[in-house]
Structures are given as C-alpha cells and as structure tokens.
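Below is one structure, written out as structure tokens; comments come after it.
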Amino acid sequence: MRTALYHLHLPKLAEAGYTEWDKDTHTIRRGPNFDEIVPLLRLMADHEDELPAGWP
C-alpha cells in the first residue's frame, strides 16, 4: 500500500491539484483544487458503513 501511495496515488493527486506533496519532507497539504473534492469526501464519510469491506 505504501508503495502505491508514494508512486501512484500521491503523484496523481498532486498533479490534479488536490494536494501539494513535498517528497523531500514527506508533507502533504491541501492543494488549490481541494475544494472540488470536498463533497465527495463528505459523502464517503457520511456513508462509510455502506462502503465495501476493506475500502481504504
């Protein structure tokens, strides 16, 4: 999971502007486009019990 996070997911999130990721300091911050995905994150949090087993 860690390998996929560092080599796949974090670069894609940063490229889309959802996060700002500093590889050197291992810090992640909200990016300029983060507000675009807030409704999705809220929906997932509100319906966490309905997500498939093992959902990240």
Side-chain angles (χ1 to χ4, degrees):
M1 180 71 173
R2 176 178 249 160
T3 300
L5 180 65
Y6 280 94
H7 295 284
L8 179 65
H9 303 298
L10 286 175
K12 284 185 178 185
L13 289 168
E15 183 178 321
Y18 300 136
T19 62
E20 292 181 356
W21 175 41
D22 187 325
K23 296 175 189 176
D24 297 327
T25 61
H26 303 284
T27 56
I28 304 166
R29 292 191 245 336
R30 293 177 180 185
N33 299 332
F34 183 81
D35 288 341
E36 293 177 10
I37 61 170
V38 168
L40 174 61
L41 298 174
R42 285 191 180 129
L43 181 67
M44 290 171 58
D46 291 346
H47 297 275
E48 184 176 4
D49 60 328
E50 299 173 41
L51 295 172
W55 185 267

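Note that the numbering runs from 1 along the sequence shown for the chain.
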Item checked: Shortest non-hydrogen contact from Glu20 toward Pro32 -> OE2-CD, 3.8 Å
Next item on the list: Could you identify which residues cluster with Ile28, counting Ile, Leu, Val, Met, Phe, Trp and Tyr as linked when any side-chain heavy atoms lie under 4.5 Å apart, either directly or through a chain of such contacts?
Entry: Leu5, Tyr6, Leu10, Trp21
Note to self: Please check if the number of heavy atoms outside Glu48 that lie under 6.0 Å from its CD is greater than 12.
What the structure shows: no
Margin query: Nearest 0.5 Å, please: how far is CZ in Arg30 from OG1 in Thr19?
Written below: 12.0 Å
Next item on the list: For Thr3, check side-chain contact (heavy atoms from CB on, under 4.5 Å) against everything at least two apart and list the hits.
Entry: His7
Check: So which heavy atom on Asp46 is nearest to which on Asp49, and how close?
Finding: O-OD1, 4.4 Å
Next item on the list: Kindly say whether Glu36 contributes a backbone atom to a donor-acceptor pair with the side chain of Asn33 at under 3.5 angstrom?
Entry: no
Next item on the list: Would you mind reporting whether Asp22 and His26 have side-chain heavy atoms less than 4.5 Å apart?
Entry: no
Margin query: Starting from Leu13 and following side-chain heavy-atom contacts under 4.5 Å between hydrophobic residues (I, L, V, M, F, W, Y), which residues can be reached?
Written below: Tyr18, Phe34, Ile37, Val38, Leu41
